[in-house]
Amino acid sequence: MSELTLFDRVIAGEIPVDKVYEDEHILAFRDINPQAPVHVLVIPKQKVRRFAELSEQDPLMVGRLFQGAAHVAHELGLTESGYRIVVNNGEHGQQTVEYIHLHILGGRQLNWPPG
Ligand code: AMP
């Protein structure tokens, strides 16, 4: 069996998080090390290790994750001002937790390009 990650433990309720939204399919919580005034992570309850694995997933699950993130961003009041969705994938993407997560970043003017 593959190793459990931090976010497996969050889903299992073993690690407390600052939850902002939850439904049957996704969980959204504030990042512990925020990079913007609003920095929320959105994860699917059905585990996927990384973005690259989405090609093997049910499109309905992928849609729920992305639509869920848009819903959460809206609930956070970011729709009008705008925001950024970031998914770090693998080593060069600097993914540190091997459980897919969408970063919602907003509440300030963000720069481009990222580092
Ligand atoms: P990534 O670098 O894309 O894998 O993002 C992992 C994110 O998880 C980082 O932004 C961390 O700050 C965040 N993080 C790590 N531990 C926790 C935690 N216990 N609660 C909330 N966010 C966390």
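Note that these values count all heavy atoms, side chains included, but never hydrogens, waters or copies made by symmetry. Just so you know, ligand 1 is whichever comes first in the structure, and atom 1 is the first atom listed for that ligand. The first residue of the sequence shown is numbered 1, and numbering continues consecutively from there.
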* Sort out for me which residue in Ile100, Val48, Leu54 forms a side chain to side chain contact (heavy atoms under 4.5 Å, CB included) with Val62. => Leu54
* Asked: Any chain of hydrophobic side-chain contacts (each under 4.5 Å) joining Leu41 to Tyr99?
  -> yes
* Pairing residues for His74 by the ring pair (Phe, Tyr, Trp, His ring centres under 6.0 Å) criterion, not counting sequence neighbours -> none
* **Residues in the immediate environment of ligand 1 (any heavy atom closer than 4.0 angstrom)** => Leu6, Phe7, Phe29, Arg30, Asp31, Ile32, Asn33, Leu41, Asn88, Gln94, Gln95, Thr96, Val97, His101, His103
* Step by step, would you call Gln35 with His103 a side-chain contact (heavy atoms from CB on, under 4.5 Å)? -> CA-CA 10 Å; Gln35 302 301 312; His103 296 254; over 6 Å; no
* To do: Considering only NZ, NE, NH1 and NH2 on the basic side and carboxylate oxygens on the acidic side, decide whether Lys45 and Glu22 come within less than 4.0 Å.
  => yes
* Asked: How many angstroms lie between NE2 in His39 and CZ in Arg108, if you round to the nearest 0.5 Å?
  -> 10.0 Å
